[in-house]
J.: 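Input: one structure, supplied below.
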2 protein chains.
Amino acid sequence: MSTENARGPGGRSTVPNISDVAERAGVAIGTVSNVLNQPHKVTEATRVKVQAAIDELGFVRNRAARALAAGTSNTIGFVIIDLSNSFFLDMARGAEDEAEKAGMTVLLANSDLKDSKQTVYMNLFSEDRVAGILLAPIPNSFLVIDSAKAHNRRVVLLNDSLEAADSCCVMANNEHGGYLAAKHLIDLGRRNLVFAGGPDTLTPVHDRHMGAKRAVAETNGAVRLEYLPTREVTVVDGRRIGHAISSRSRARIPDGIIAAADLLALGIMQSILSETDIRVPEQIALIGYDNNRSAWDSHIPISTLSQPGFEMGRVATQLLLEEIRSPETHTHRRIILEPSLIARESTIGR
Amino acid sequence: MSTENARGPGGRSTVPNISDVAERAGVAIGTVSNVLNQPHKVTEATRVKVQAAIDELGFVRNRAARALAAGTSNTIGFVIIDLSNSFFLDMARGAEDEAEKAGMTVLLANSDLKDSKQTVYMNLFSEDRVAGILLAPIPNSFLVIDSAKAHNRRVVLLNDSLEAADSCCVMANNEHGGYLAAKHLIDLGRRNLVFAGGPDTLTPVHDRHMGAKRAVAETNGAVRLEYLPTREVTVVDGRRIGHAISSRSRARIPDGIIAAADLLALGIMQSILSETDIRVPEQIALIGYDNNRSAWDSHIPISTLSQPGFEMGRVATQLLLEEIRSPETHTHRRIILEPSLIARESTIGR
DNA sequence: TTGAAAGCGTTACCAA
DNA sequence: TTGGTAACGCTTTCAA
């Protein structure tokens with residue numbers, strides 16, 4: 001039985017290190033480091049010799065030592081408000097995609113809507129001296145980012161500018177999304193619209209509502225827009241709205257509904273279809289927001305606005321990398337990405 | 001303008017370190033380290049003094065240095081096959097929950113069904129010398145785990161035993177889930193069952209099918225079970241099956257359907273309800289698998305089997321921690337967790 | 001209880 | 001091109 005890869009004299013479990021490799025290959029430590037990091041600075045012969053030693057020993061670099069000595073890391077930390085929302089997961093994918101091109105990797109931390117977790121993970125990445133931090137924050141959580149900045153970390157914000165924060169940020173244009181949704185229905189000839197969603201204190205929902213209003217305003221009174229608030233944006237909230245609409249007299253039933261989220265739209269549609277013989281989209285055209293899977297999986301696929309999650313992740317990573325590479329010339333930017341309309345059966349029929 | 005937190009003489013950006021804190025507090029480095037790690041070994045007076053210095057300087061520990069000096073890390077890496085599947089995300093939540101109790105943190109890496117990403121992240125965590133690795137692997141990817149083990153990392157497998165692997169693993173009992181699903185329908189008096197799903201080469205689906213068969217076999221011929229394979233387990237596959245069933249003569253229509261996944265069940269239900277006047281659950285009882293959100297959000301909520309994702313994450317972390325703490329007495333275990341039946345309107349009505 | 005000093009495994013620099 | 005060696009920031013042991 002070999003003693004390699006086993007326990008050192010201290011009883012502490014041991015893995016081969018650069019010295020072991022150097023010894024085995026009969027070269028100096030610095031040379032091994034060079035074949036690892038600057039292969040071009042080394043003879044092919046020694047490179048091969050060293051590589052052989054590495055393979056035989058099963059050597060793996062120690063990142064801690066590397067980061068310590070080099071003073072830099074090549075990983076990016078991404079603290080995400082809610083991984084169960086595919087919008088945010090898409091951001092993670094975009095970030096990985098972009099980071100990979102730069103030879104960096106992205107580590108994920110799910111704050112799961114909990115302030116405390118967000119704090120823990122931000123601190124973790126600060127202690128880790130990661131190259132930079134991407135943060136899709138919990139609304140109104142300034143302190144955590146101030147603290148990270150104080151610790152000299154570079155952070156880029158996604159989907160929430162946390163107003164005061166002195167960082168780059170990448171946002172989705174919810175106002176424009178709301179505009180596009182309403183415009184879509186108006187272009188389809190709908191004149192009595194409802195905007196369903198809430199609470200209006202939720203910035204994205206509020207912005208979507210404002211956008212819808214703007215589209216309506218452009219018609220100079222030709223189109224009406226009614227606002228039906230909800231507590232949250234779940235299927236259940238949607239059913240409640242759908243039920244309310246179903247109970248109305250024929251004359252007061254809208255011919256177009258903009259839901260602030262797909263789940264809401266789904267609930268609305270379920271209620272209307274089961275409680276009345278109103279047909280979608282003939283009598284009511286319905287559009288949601290988010291491009292949630294439930295929307296295209298529903299029996300009448302629901303039109304929606306697709307958020308640019310992947311793209312946001314990419315752009316945020318680009319900004320972060322730029323800030324890392326040229327900290328002195330870098331100036332913070334705020335980039336706003338547009339959602340795109342996906343028209344499906346619930347508005348345009350088949 | 002202060003020079004603290006600015007650039008050191010090397011032009012390299014600098015953060016206060018233990019020495020700075022020690023100097024400021026007028027104590028030795030070792031003392032600072034003690035107030036950080038062994039507060040009880042220090043006078044309250046010095047503790048306060050040092051803490052003050054830490055706060056004033058905005059000092060943050062350097063994890064790389066810590067890990068290097070101590071030879072241990074307190075983070076666990078979790079490489080996950082597919083974060084967009086809530087089953088796996090639940091595992092991550094369970095792992096975090098359990099890790100937190102032990103004062104450890106979990107970093108996530110999404111391999112996104114790509115072998116190459118899985119390899120990259122496994123290596124990353126190996127180089128990181130994390131305390132241990134949790135891996136929900138891509139089927140049949142042995143090499144990656146062999147390599148991690150060779151590098152002396154401890155790994156616990158989730159949801160796939162990768163047969164040969166010499167590790168602990170935590171699995172879900174799909175066979176029993178299939179059994180429970182079929183048993184549920186049989187107990188409800190259904191006699192002509194269909195098991196829908198595939199491909200049968202997919203181990204979990206296959207196991208669920210076997211379980212259903214077992215439940216049927218127990219009835220000694222009182223119940224029939226027909227198998228309708230699909231290519232995948234999507235809503236579209238489900239609609240195809242639903243359509244096929246809808247087209248049958250009355251006599252050949254089953255009174256109970258077990259779908260290998262909720263999305264499948266959803267598609268089946270959509271087709272049947274829209275193409276026929278068959279009622280669910282009166283004429284056909286329908287049960288899915290996974291406890292996917294789409295299942296409880298559908299208009300007739302679909303009965304299902306809930307996978308113990310959260311619990312699997314917890315248990316896996318417990319096993320990992322045990323292996324880390326007592327490597328010599330530890331013996332690998334294989335733990336199988338049971339899914340639980342959630343009966344909803346699609347089988348029991350309202 | 002506190003201080004001093006020896007590593008931990010790398011990188012980066014300078015001399016050979 | 002290679003070798004030797006001083007950091008990197010911390011933990012830990014041993015003396016004081």
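The chains referred to below are lettered A, B, ... by the order of the sequence lines, with proteins before strands, and numbering in each begins at 1.
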J.: Which heavy atom of B/Ile138 sits nearest a heavy atom of B/Gln118, and at what distance?
T.: N-OE1, 2.9 Å
J.: Without swapping roles, check the side chain of B/Ser111 against the backbone of B/Ile80 for a donor-acceptor pair under 3.5 Å.
T.: yes
J.: Can you identify which nucleotide, out of C/dT11, D/dG9, D/dT1, has its nearest atom closest to the A/Arg61 side chain?
T.: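 For the A/Arg61 side chain, the nearest candidate turns out to be C/dT11.
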J.: Nearest heavy atom decides the nucleotide; on that basis, is B/Ala64 or B/Lys41 closer to the 5' end of DNA chain D?
T.: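 Going by which nucleotide is closer to the 5' end, it is B/Ala64.
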J.: Looking at B/Glu100, I want to see if its CD is surrounded by more than 12 non-hydrogen atoms of other residues, nucleotides or ligands under 6.0 Å.
T.: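 For B/Glu100, atom CD is not crowded (no more than 12 foreign heavy atoms under 6.0 Å).
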J.: Side chain of B/Ala28, heavy atoms from C-beta onward: which of C/dT11, D/dT2, C/dG3 has the nearest atom to it?
T.: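 Within the option list, the nearest is C/dG3.
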J.: Within the structure, does a side-chain N or O atom of B/Asn34 lie under 4.0 Å from either OP1 or OP2 of C/dT1?
T.: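 Checking B/Asn34 against C/dT1: no side-chain N or O falls below 4.0 Å of OP1 or OP2.
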J.: Tell me which of B/Gly26 and A/Gly30 sits closer to the 5' end of DNA chain C, going by the nucleotide each one is nearest to.
T.: B/Gly26
J.: Rounded to whole Å, please give me the gap between CZ in B/Arg63 and P in D/dC10.
T.: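 Going from CZ in B/Arg63 over to P in D/dC10 covers 13 Å.
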J.: Can you check whether A/Asn62 has a side-chain N or O nearer than 4.0 Å to OP1 or OP2 of C/dG9?
T.: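 No.
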J.: Taking atom P of C/dG9 as reference, at what distance in whole Å does atom CG of B/Asp128 sit?
T.: 15 Å
J.: What is the separation between atom CG on B/Leu36 and atom P on D/dC10, rounded to the nearest whole Å?
T.: 8 Å
J.: Within the pair A/Ser33 and C/dT10, is there a side-chain N or O less than 4.0 Å away from OP1 or OP2?
T.: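 A/Ser33 to C/dT10 OP1/OP2: no side-chain N or O under 4.0 Å.
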J.: Find the distance A/Lys49:NZ to D/dT1:P and express it as a whole number of Å.
T.: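 It works out to 14 Å between those atoms.
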J.: Do B/Glu98 side-chain atoms and B/Val315 backbone N/O form a donor-acceptor pair below 3.5 Å?
T.: no
J.: Whole-Å distance between D/dG9 P and B/Glu23 CD?
T.: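 Going from B/Glu23 (CD) to D/dG9 (P), I get 14 Å.
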J.: Rounded to whole angstroms, how far apart are CG on A/Asn37 and C1' on C/dG9?
T.: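 Computing the A/Asn37:CG to C/dG9:C1' distance gives 13 Å.
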J.: Is A/Val79 close to A/Leu124 at the side-chain level, that is, under 4.5 Å between some pair of heavy atoms?
T.: no
J.: From the options C/dT11, D/dT11, C/dG9, select the nucleotide whose nearest atom is closest to the side chain of A/Leu68.
T.: C/dG9
J.: Within the 4.0 Å heavy-atom criterion, would you say A/Val27 contacts the bases, only the backbone, or no part of the nucleic acid?
T.: sugar-phosphate
J.: Would you say B/Thr46 reaches C/dT2's phosphate, i.e. side-chain N/O to OP1/OP2 under 4.0 Å?
T.: yes
J.: A/Ile29 side chain: which of C/dT10, C/dG3, C/dT2 is closest?
T.: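 Nearest to the side chain of A/Ile29 among the choices is C/dT10.
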J.: Looking at C/dG7, C/dT2, C/dG9, which one has an atom nearest to any side-chain atom of B/Val42?
T.: C/dT2
J.: Would you check if the side chain of A/Asn17 reaches a backbone N or O of A/Ser19 as a donor-acceptor pair within less than 3.5 Å?
T.: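 Such a contact is found between A/Asn17 side chain and A/Ser19 backbone.
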J.: So what does B/Val21 touch, heavy atoms closer than 4.0 Å: a base, only the sugar-phosphate, or nothing?
T.: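 Contact class for B/Val21: none.
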J.: Calculate the interatomic distance between B/Gln38 atom CD and D/dT11 atom P; express it in whole Å.
T.: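 Going from B/Gln38 (CD) to D/dT11 (P), I get 9 Å.
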J.: Strictly below 4.0 Å: does B/Thr43 bring a side-chain N or O up to OP1 or OP2 of C/dT1?
T.: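 So the side-chain polar atoms of B/Thr43 never come under 4.0 Å of the phosphate oxygens OP1 or OP2 of C/dT1.
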J.: In this structure, how many angstroms lie between the P atom of D/dG9 and the CZ atom of B/Phe59, rounded?
T.: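 Answer to the nearest Å: 10 Å.
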J.: Tell me which nucleotide among C/dT10, C/dT2, C/dA12 gets nearest to the side chain of A/Ile18.
T.: C/dT10
